[in-house]
Amino acid sequence: MLRRLAAGSSALALLLLLVAPPGPRVALAAGGTCTGWTSEYVPPPTIRVLRTVGPAKGMVQVVPFRKYVITVLAAEFGPSSPVEALRAGAVAVKDYGWYYAMHWRGNSAPHGGGCYDVQDNTWDQVYWPEHDRASDRQVQAVLDTWRVSVRKDGRFVPTGYRPGTAGKACGADADGWRLYQASAYRCALQGMLYPEILRTYYRPHFQIVVPGVHDPNGDGLGSIGIALPGAGPIAGGSAPAPTPSPASASPTASAAADPATSPSPVPSGSPAASGTAAPAPAGFYDLLWSDAPQQAWQPPSLPPGTSLDPITTLDWAFADVNHDGRSDVLRLERLGTAGYRITVSLSLGDGQFAPAATWWSSVGTGLDLAPTEAVQLLAGDFDGDGTGDAAILAGTPGSPPTAAGPSATTAVPASVPEAKLYLLRSTGAGFAPPQTWWSGPLDVGSARAFAADVTGDGRADLVVESDLYPSQLPVPPSTPPPAGPNGAELPVGMRFLVAPSGPGAGLGKLTGWLDVTDATRAQVQTAVEDVNRDGRADVVFLRPLDTGGSQIVGLLSTGTGFIRSTLWSSATFRASAAKIAAADLNGDGRGDLVVLYDMGSAGTKLFQFLSTGTAFQAGPRVLDPALDWANITPF
């Protein structure tokens, strides 16, 4: 549907892609089951509990599942446990009950009391609501991890846990199947976050599943944003609704017909000027338009009457900055020569966003970022508190290496200036003053940065895609490649580097994880997401293949490096006509891609590429005749 943003919320139009999965995501199974829940990604609404104590002894109670998990956590994990130990415990408690709500063991209460999933005692988990009351910390631990579930060898399993032995070191008693509370307590005291604690006890072949990355609606389905120039609604106040393409024309895992040769028909209907519309086909996406251009914003610390140059939007990002389970939209803007600001449009759910509000401005903060600096916006949970933060990567441009001349034996090294990553922690209503979270040699002008947890410890790391030059290769080419202006080396590939997070403040040293020599930064579109659902983010890029094809390449994280894998390829799908963005479109915890394809005068075609964990499979697609591919910025 087409909905209108609140007045003054954005200088650009924002297109939000909301993808519906094929068929129902959850359902109750029939016959031979008890609760019979079938979804492995959405927790059951209720669970059937056989009561063996209390006034309901002998009865089977149908209990709201969240209440059940909170009450069990209160009984099984002490309220004084560190927060991260409670979060790990909340996942273990929830997944145990969830598993048996899906897998009935054939048990029924005596005297016709009905079937049940679990008992209320140590045979399963202690559920005694008449006796146990959860603390605020225990309740919050459950809420913080409600979407999270775990897998062993790709299978949903009943997560076991035991008290363990006092004095055991962190992970000393790990057996791959149980969480031991006493030693897990020590893990949390050492600064481990709950994903790392869970991995310590349940590995190997362990996966952490978090459905709906980039989910602005809180429904477990991810979305992408598309920013495009505009000063309000399309002329005339309407835009054609997107049109589904025939499924038979979708690209396959090995090849695809050139989409430009078979555009979808343009629909005859269009939404009304009021912003309402007929239902969008298949629930694909909502278009959100700003009501009016945003006026130049004047920071209060500037003298009255100071004029600002026009605002320039530099970057967009998604992050849940107010900890409500919905992804919000962040925008980095340059305020002429006055400085920078970050605005936030909080998600209200159902495709609606609050008007953009300034959460941070460089004016008067002591962070002196010159307009000549290269600046990038990053968003992620850098401190591991469950709330998304913003970060600014800034540095002055450097210069590439200079190729060796006829009489020289070595090239002149590149000029690599110092760069800094400034962390802006979210308070839930604004960003705190900046902290220097990382510094080191990096030419920000010839690199692209991402915030993503590639190490799997629950904190965002700094991931950098930089140009790779001939003189930086372990074995320089036998034939010197052509040089650029003034003898400068030209890129021959990409180097992917990571500055890892840790239990303390800041990031570690930026080190190379993998070099790619068959594509350059200028040729590829890159995203970062967890493709194989192992709890570690991966790098994905679309690169040219031969003369007119393309290939989706995954750099899969091991926690300390990347392993390259081909995830999809086509002989006719042109990389030069594509822009990409990542999100968990079908809510299965694996990162998917949306590829926006240039159809020329026919508009833009949006392709879904859904991850199977080892490859991408082409899914549904739509054509939007009104979407000008040349001017859109997906994120």
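- Of the inter-residue distances, the one linking Arg334 atom CZ with Asp315 atom CG reads 11.0 Å to the nearest 0.5 angstrom.
- The distance from the CG atom of Asp515 to the CG atom of Leu497 is 8.0 Å, given to the nearest 0.5 Å.
- The backbone N or O of Gly548 sits nowhere less than 3.5 Å from a side-chain atom of Arg574 that would complete a donor-acceptor pair.
- For Trp360 against Pro434, the heavy-atom pair with the smallest separation is NE1-CD, 3.9 Å.
- Applying the salt bridge (Lys or Arg N to Asp or Glu O under 4.0 Å) definition to pairs two or more places apart or across chains, those involving residues 540-556 are Asp518-Arg543.
- Side chain of Asp598 to main chain of Gly600: a donor-acceptor pair is present (N/O by atom type, distance under 3.5 Å, no hydrogens or angles).
- Asp144 and His323 share a side-chain donor-acceptor pair at under 3.5 Å.
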Would you please test Asp383 and Arg425 for salt bridge (charged side-chain N to carboxylate O under 4.0 Å, His left out) and show each step?
CA-CA 8 Å; Asp383 54 6; Arg425 277 192 169 103; 2.8 Å; yes
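- Remark: Arg533 engages Tyr41 in a side chain to side chain donor-acceptor pair (under 3.5 Å) (not counting sequence neighbours).
- To the nearest 0.5 Å, atoms NZ (Lys94) and CZ (Arg147) are separated by 12.0 Å.
- The distance from atom OG of Ser611 to atom CG of Asp588, rounded to the nearest 0.5 Å, is 7.0 Å.
- Between the side chain of Asp215 and the backbone N or O of Gly220, at least one donor-acceptor pair lies under 3.5 Å.
- Here the side chain of His214 pairs no donor or acceptor atom with the backbone of Asp584 at under 3.5 angstrom.
- Taking the side chain as every heavy atom from C-beta outward, Val321 and Leu346 approach each other to under 4.5 Å.
- A distance-only check finds a donor-acceptor pair linking the side chain of Asp389 to the backbone of Phe382 [under 3.5 Å].
- Using a 4.5 Å heavy-atom threshold, the side chains of Leu378 and Ile392 count as separate.
- Minimum interatomic distance between Ala449 and Leu393 (heavy atoms only, all atoms of both residues): CB-CD2, 3.5 Å.
- Looking only at side-chain heavy atoms (C-beta outward), Leu423 and Leu421 stay at 4.5 Å or farther from each other.
- At least one side-chain heavy atom of Ile224 sits under 4.5 Å from a side-chain heavy atom of Leu596.
- Between Phe635 and Val329 the shortest side-chain heavy-atom distance falls below 4.5 Å.
- Put simply, the side chain of Ser557 gets close to the backbone of Val454: a donor and an acceptor are under 3.5 Å apart.
- Between Glu529 and Asp592, the closest heavy-atom pair is OE1-O, 2.7 Å.
- Panel note: side chain Asp320, backbone Thr387; no donor-acceptor pair is recorded below 3.5 Å.
- With hydrogens and angles ignored, the 3.5 Å screen pairs a side-chain donor or acceptor of Ser347 with a backbone N or O of Pro216.
- When ring centroids are compared, Phe496 and Trp513 stay outside the 6.0 Å threshold.
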Could you walk me through whether Phe541 and Ile552 pass the side-chain contact (heavy atoms from CB on, under 4.5 Å) check?
CA-CA 6 Å; Phe541 60 85; Ile552 299 177; over 6 Å; no
Could you go through Tyr597 and Thr604, starting from their C-alpha distance and side-chain angles, then the distance that decides it, and tell me whether this counts as side-chain contact (heavy atoms from CB on, under 4.5 Å)?
CA-CA 6 Å; Tyr597 200 87; Thr604 299; 5.8 Å; no
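- Side-chain contact between Ile632 and Leu627 is present, with heavy atoms from C-beta onward closer than 4.5 Å.
- Among residues two or more places apart in sequence or in another chain, the side chain to side chain donor-acceptor pair (under 3.5 Å) test is passed with Asp534 by Arg536.
- Not a single ring-ring contact (aromatic ring centres under 6.0 Å, His included) links Trp438 to another residue, sequence neighbours left out.
- For Ser501, the side chain to side chain donor-acceptor pair (under 3.5 Å) partners are Asp457, Asp461, not counting sequence neighbours.
- Within the 3.5 Å criterion, the main-chain N or O of Ala447 finds a donor-acceptor partner in the side chain of Gln376.
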What do the steps show when you test Ser149 against Arg151 for side chain to side chain donor-acceptor pair (under 3.5 Å), and what is the final call?
CA-CA 7 Å; Ser149 59; Arg151 306 288 190 273; 2.8 Å; yes
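- Here CE of Met599 is found 11.0 Å from CG of Leu606. Values are rounded to the nearest 0.5 Å.
- Side-chain atoms of Ser362 come within 3.5 Å of backbone N or O of Tyr340 as a donor-acceptor pair.
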Please test Asp453 against Arg459 for side-chain contact (heavy atoms from CB on, under 4.5 Å), starting from the C-alpha separation and ending with a verdict.
CA-CA 6 Å; Asp453 181 15; Arg459 303 174 180 87; 5.6 Å; no
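- One finds the CD1 atom of Ile208 at 11.0 Å from the OG1 atom of Thr145 (value rounded to the nearest 0.5 Å).
- In terms of heavy-atom proximity, Asn532 sits nearest to Arg590 at C-CG, 4.3 Å.
- At a threshold of 4.5 Å between non-hydrogen side-chain atoms, the residues Val91 and Leu198 count as touching.
- Taking 4.5 Å as the limit, some side-chain heavy atom of Val539 sits within range of a side-chain heavy atom of Thr526.
- Ala452 approaches Val463 most closely through the heavy-atom pair O-CG2, 4.2 Å.
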Going through the distances and angles, do Ser570 and Leu545 end up as a side-chain contact (heavy atoms from CB on, under 4.5 Å)?
CA-CA 8 Å; Ser570 165; Leu545 185 65; over 6 Å; no
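- Of all the heavy atoms in Val540 and Phe616, the pair that sits closest is CG1-CE1, 4.0 Å.
- Here the two rings, on Trp98 and Phe156, have centers that are under 6.0 Å apart.
- For Glu465, the salt bridge (charged side-chain N to carboxylate O under 4.0 Å, His left out) partners are Arg521, not counting sequence neighbours.
- Aromatic rings from Trp568 and Phe573 are positioned such that their centres are separated by under 6.0 Å.
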